[in-house]
Amino acid sequence: MQSSFSLSLSSASPITGRSDGGGASSTASDLFFTTATTTPSHLRFCGLRREAFSGCKSSSNNALLLKQLRPTKKISASLSTNGTPSKGFDYDLVIIGAGVGGHGAALHAVEKGLKTAIIEGDVVGGTCVNRGCVPSKALLAVSGRMRELQNEHHMKSFGLQVAAAGYDRQGVADHAQNLATKIRNNLTNSMKSLGVDILTGFGAVVGPQKVKYGKTGESGTVITAKDIIIATGSVPFVPKGVEVDGKTVITSDHALKLETVPEWIVIVGSGYIGLEFSDVYTALGSEVGSANPFTFVLLIVSQVTFVEALDQLMPGFDPEIGKLAQRVLINPRKIDYHTGVFATKITPARDGKPVTIELIDAKTKEPKDTLEVDAALIATGRAPFTQGLGLENVNVETQRGFIPVDERMRVIDSKGKLVPHLYCIGDANGKMMLAHAASAQGISVVEQVSGKDHVLNHLSIPAACFTHPEISMVGLTEPQAREKAEKEGFEISIAKTSFKANTKALAENEGEGIAKMIYRPDNGEILGVHIFGMHAADLIHEASNAIALGTRIQDIKYAVHAHPTLSEVIDELFKSAKVISASFKQSILNPTLETHSRLV
Ligand SMILES: Cc1cc2nc3c(=O)[nH]c(=O)nc-3n(C[C@H](O)[C@H](O)[C@H](O)COP(=O)(O)OP(=O)(O)OC[C@H]3O[C@@H](n4cnc5c(N)ncnc54)[C@H](O)[C@@H]3O)c2cc1C
Ligand SMILES: NC(=O)c1ccc[n+]([C@@H]2O[C@H](COP(=O)([O-])OP(=O)(O)OC[C@H]3O[C@@H](n4cnc5c(N)ncnc54)[C@H](O)[C@@H]3O)[C@@H](O)[C@H]2O)c1
């Protein structure tokens with residue numbers, strides 16, 4: 001896997017975040033950074049063992065994954081070759097980093113006729129494909145099925161009888177790894193087939209419109225480019241005082257290999273990674289029995305203890321959704337938690353002693369507790385990977401490691417001026433640490449360098465947490481919307497619908513869930529949508545596309561949805577919103593006008 005340099009797969013990563021810290025959502029000190037196929041072979045592919053019936057759905061619902069699997073031939077044949085560079089340059093566009101951000105930019109650049117090269121120092125696909133979205137969603141696909149198969153009450157409600165479910169840990173781990181390999185190959189082949197030059201080595205900026213690449217410590221090859229995009233991503237952030245050994249004190253890089261499922265694991269941080277892994281660990285449980293597919297397997301449900309610095313779990317979510325998520329995803333499961341505490345010192349298990357975790361009160365900094373457990377997963381955010389990029393050669397200073405950019409992803413220098421022809425996308429700029437955001441930013445930059453102005457609306461970018469059930473969101477949370485409304489002087493309203501009233505959800509015995517919309521009743525603008533429930537991650541796109549396209553509730557509420565589908569939850573959400581009609585507003589201004597209805 002590793003080539004000329006090592007990134008976050010190794011605990012001796014060039015940056016662990018220890019020295020620099022920082023994070024997109026950091027708040028305090030350096031402690032804080034923040035188809036239903038049921039064949040036996042299909043079950044084996046998922047690493048599951050089942051004697052009786054199972055309903056193993058075939059693939060992840062991750063839109064990006066589907067995009068990555070899409071045949072590249074979709075791009076028209078006439079545009080499917082790398083272009084000729086602008087006069088005086090080796091390339092029109094050089095991208096440093098072949099993660100999903102760099103990949104998205106490269107494909108779009110070739111489509112636009114730009115002569116494009118991408119420099120990668122490790123493996124194509126970056127975090128998302130190799131150590132992030134892809135393997136984690138493979139593990140979550142398995143945990144979802146295990147959860148369902150183990151839920152006797154749920155199975156009985158369908159009239160199904162199910163014998164004890166078990167799993168083969170290595171089989172599950174292989175499923176995750178095989179998927180990563182497959183998607184990595186797809187990404188590599190998609191770029192190769194379009195003629196993108198994939199250059200191997202560590203890339204750095206050596207001057208305006210000049211990039212060097214090669215093995216670290218060697219002189220390397222210098223190439224010129226009309227425009228440069230930095231897309232170097234991020235690595236796990238490990239707070240000061242935490243000793244990662246990769247076995248008992250781990251980051252997501254290690255956890256995704258699923259080398260063990262500990263009996264008791266502390267998860268430090270209850271954000272996306274913490275929550276998704278709590279779903280995996282509590283569904284799989286620690287295996288202590290036989291591994292034969294046709295014998296009884298004893299699984300001990302793993303105990304998860306969350307350690308969260310803020311006063312509530314899942315602080316990033318809309319508070320109402322967070323509360324519901326806690327009631328469904330935390331309270332009934334073997335999960336306990338300590339909130340308002342920092343993990344200041346974590347020592348791996350050694351010499352027969354367990355992992356020890358020292359907690360201090362987040363506000364008073366007084367010692368609070370010491371936990372002794374089997375393992376600890378550090379899920380305290382991610383640190384940008386921006387060291388050694390030669391930013392000093394273009395007078396750029398990072399901010400807690402992140403590269404400062406404007407709304408067009410143009411890099412800003414230490415004097416606050418834009419650096420001509422230099423852009424930064426994805427995790428390295430810290431605007432929104434999501435795979436599809438990185439890719440969208442890359443496409444936006446390519447639009448700009450090909451002569452079309454483009455500003456990406458980050459408030460239209462959806463996010464999802466792939467727990468069971470899922471959580472998704474787009475736009476503002478209720479508190480954020482209230483703050484904005486107060487500042488700008490407008491009213492907000494809230495609409496809510498329940499999965500309990502949805503036929504499809506009830507047919508699936510999955511009525512637990514809500515959708516919530518925050519909007520402006522005066523003009524029908526959607527400010528935020530939050531969904532908790534089955535397939536929430538897929539359902540959010542109707543709302544995110546409406547925000548992106550500026551569609552108002554009074555227009556989208558007439559769109560027709562197939563029955564019975566989960567999408568009717570969102571249909572009902574739009575229909576239940578009360579927008580004051582234009583004619584009513586007119587009638588207030590001019591009382592002589594006749595009005596039929598106040599609301600639309
Ligand atoms: C466990 C986990 C699960 C996640 N799940 C999701 C999810 O479900 N959905 C989602 O949207 N996001 C998810 N994310 C976040 C997502 O992985 C990142 O937001 C995304 O990978 C960022 O893409 P990027 O292109 O900016 O950087 P990266 O994917 O990190 O890619 C950067 C690339 O640049 C290369 N590189 C770095 N420096 C240099 C250099 N100087 N020269 C050459 N090459 C260099 C690296 O080797 C790497 O290949 C997850 C993250 C984790 C850790
Ligand atoms: N499904 C997805 O889209 C997905 C999945 C996984 C990761 N990601 C991305 O990866 C990034 C990293 O995820 P993450 O979960 O590590 O970060 P996060 O920012 O989502 O959550 C980190 C949590 O750790 C807490 N924390 C930080 N320092 C702490 C400390 N010292 N002690 C106790 N608590 C502490 C924070 O309060 C926060 O709740 C996120 O930005 C996310 O966008 C996305």
Side-chain angles (χ1 to χ4, degrees), residues 4-5 7-8 14 23-34 60 62 64-65 96-105 118-137 140 199-204 213 216 230-237 239-242 251-253 255-256 268-277 306-310 313-316 338-339 341-344 359 362 378-382 384-390 425-430 432-439 441-442 463-467 470-471 537:
S4 54
F5 76 106
L7 267 181
S8 50
S25 58
S26 62
T27 57
S29 64
D30 57 355
L31 293 170
F32 191 67
F33 217 75
T34 126
S60 159
N62 185 329
L64 186 84
L65 206 65
I96 308 177
V100 285
H103 173 262
I118 194 162
I119 302 171
E120 175 53 55
D122 190 26
V123 284
V124 167
T127 304
C128 177
V129 174
N130 301 292
R131 309 173 284 277
C133 336
V134 172
S136 66
K137 266 74 259 180
L140 282 154
L199 311 173
T200 305
F202 188 91
Y213 72 96
T216 25
I230 297 171
T232 50
S234 66
V235 293
F237 168 70
K240 227 170 161 177
V242 176
T251 67
S252 55
D253 288 354
L256 287 165
V268 186
S270 66
Y272 285 85
I273 293 181
L275 213 53
E276 290 188 347
F277 271 103
F306 273 116
V307 166
E308 169 56 55
L310 296 183
L313 292 179
M314 304 168 275
H338 301 260
T339 51
V341 289
F342 280 123
T344 43
L359 304 180
I378 313 304
T380 47
R382 297 192 50 93
F385 187 73
T386 53
Q387 279 184 354
L389 272 176
I425 63 168
D427 283 10
N429 71 31
M432 207 174 201
M433 294 176 112
L434 293 171
H436 45 283
S439 185
Q441 290 174 358
C465 190
F466 295 81
T467 44
E470 295 170 346
I471 309 168

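Small disclaimer: the values here were computed from a predicted structure and weren't measured. One-based numbering, in listed order, for ligands and for the atoms of each. The figures that follow rest on heavy atoms only: side chains count, while hydrogens, waters and symmetry mates do not.
For a threshold of 3.5 Å applied to N or O pairs, the pair formed by Gly381 and ligand 2 contains at least one separation below that value. By the 3.5 Å distance cut-off applied to N or O atoms, Ile273 is not counted among the residues near ligand 1. Residue Ala309 has at least one N or O atom closer than 3.5 Å to an N or O atom of ligand 2. In terms of polar-atom proximity, defined here as any N/O pair under 3.5 Å, Val268 makes no such contact with ligand 2. Some N or O of Met433 is nearer than 3.5 Å to an N or O of ligand 2, by distance alone. For the pair Phe466 and ligand 2, the shortest N or O to N or O distance does not fall below 3.5 Å. Inclusion of Arg382 in the set of residues having an N or O under 3.5 Å from an N or O of ligand 2 is not warranted.
Of the candidates Met433, Glu120, Arg131, it is Glu120 that places a heavy atom closest to atom 48 (C) of ligand 1. Heavy-atom proximity to atom 30 (O) of ligand 1, evaluated over Thr127, Leu256, Asn130, is greatest for Thr127. Selection from Cys128, Gly121, Gly430 by nearest heavy atom to atom 43 (C) of ligand 1 gives Gly121. The closest non-hydrogen atom to atom 32 (N) of ligand 2, taken over Cys465, Ala343, Gly271, Ala437, comes from Ala343.
Contacts between Ser252 and ligand 1 below 4.0 angstrom, taking non-hydrogen atoms only, involve the side chain exclusively.
When each atom of ligand 1 is checked for a heavy atom of Gly126 under 4.0 Å away, the hits are 29 (O), 31 (O), 48 (C), 49 (O). Counting atoms of ligand 1 from 1 in the listed order, those under 4.0 Å from a heavy atom of Ser234 are 30 (O). Near Gly426, meaning under 4.0 Å from one of its heavy atoms, ligand 1 places the atoms 26 (O). Annotation for ligand 2: atoms under 4.0 Å from non-hydrogen atoms of Phe342 are 30 (C), 31 (N), 32 (N).
The closest approach between any non-hydrogen atom of Pro315 and ligand 2 is below 4.0 Å. Residue Lys137 places a heavy atom under 4.0 Å from ligand 2. For the ligand labelled ligand 2, residue Val341 lies inside the 4.0 Å heavy-atom shell.
The OG1 atom of Thr251 lies 12.5 Å from the CZ atom of Phe237; values are rounded to the nearest 0.5 Å.
Ser136 meets the side chain to side chain donor-acceptor pair (under 3.5 Å) test with no other residue; sequence neighbours excluded. Listed by chain and residue number, Ile250, Phe277, Tyr281, Leu377 satisfy the side chain to side chain contact (heavy atoms under 4.5 Å, CB included) test with Ala255 (two or more places apart in sequence, or in another chain).
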